[in-house]
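To start, the structure itself, in structure tokens.
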Amino acid sequence: MTVWATREGYRPAMVDARANAPVEVVFKVLDQGCTGTVVIEGRDVALPATVRLPPRPPGTLRYVCGMGMYAGFINFS
């Protein structure tokens, strides 16, 4: 899945992924701003980047920009 970092947040702000399967999230930068860094699963990641997540049970994973102002969600189902 691809998520774009913009000055106004992450687009799309909510993405769906299959539970119990590895997931690859490609973060791309549309505009420079504080969304140029994402904190996901306790890791600070400078964008652009590809983040590989291990299989997860059903539920929601929240990620935020480096300043904690903008959030996005991955819904595992």
Side-chain angles (χ1 to χ4, degrees):
M1 67 191 65
T2 301
V3 175
W4 290 90
T6 73
R7 290 184 189 274
E8 292 82 34
Y10 297 101
R11 301 293 180 258
M14 171 75 81
V15 293
D16 293 316
R18 199 172 81 182
N20 303 312
V23 172
E24 186 173 278
V25 184
V26 178
F27 287 97
K28 295 186 178 185
V29 178
L30 185 62
D31 301 316
Q32 290 293 344
C34 76
T35 58
T37 300
V38 66
V39 180
I40 186 166
E41 289 198 315
R43 297 181 285 167
D44 291 335
V45 179
L47 304 185
T50 298
V51 176
R52 290 172 184 81
L53 301 171
R56 298 180 60 92
T60 302
L61 173 65
R62 180 178 184 259
Y63 56 88
V64 296
C65 69
M67 296 178 66
M69 295 173 50
Y70 299 104
F73 301 89
I74 303 171
N75 181 41
F76 293 90
S77 58

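Sequence positions, counted from 1, serve as the residue numbers for this chain.
Thr35 places a side-chain N or O within 3.5 Å of a backbone atom of Thr6 that can act as its donor or acceptor partner.
With respect to the salt-bridge test (charged N to carboxylate O, under 4.0 angstrom), the residues Arg62 and Glu41 do not qualify.
Of the candidates Val26, Leu47, Leu30, Trp4 forms a side chain to side chain contact (heavy atoms under 4.5 Å, CB included) with just one, namely Leu30.
In terms of heavy atoms, Val3 sits closest to Pro12 at CG1-O, 4.1 Å. Residues Arg18 and Phe76 come closest through the heavy atom pair O-CD2, 3.9 Å. Nearest heavy-atom pair, Ala19 versus Pro58, reported as atom, atom and distance to 0.1 Å: CB-N, 3.7 Å. Here the closest non-hydrogen pair linking Arg52 and Glu24 is NE-OE1, 3.2 Å.
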Run the side chain to side chain contact (heavy atoms under 4.5 Å, CB included) test on Leu61 and Asn75 for me, step by step, so that the C-alpha distance in whole Å, both residues' side-chain angles and the decisive distance to 0.1 Å come before the verdict. CA-CA 7 Å; Leu61 173 65; Asn75 181 41; over 6 Å; no
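Other residues, nucleotides and ligands place more than 12 heavy atoms under 6.0 Å from the CE atom of Met14.
Val39 and Met69 are not part of a single hydrophobic cluster, where members link through side-chain heavy atoms under 4.5 Å apart.
Aromatic ring centroids of Tyr63 and Phe27 lie under 6.0 Å apart.
The side-chain heavy atoms of Met1 and Val23, taken from C-beta on, include a pair separated by under 4.5 Å.
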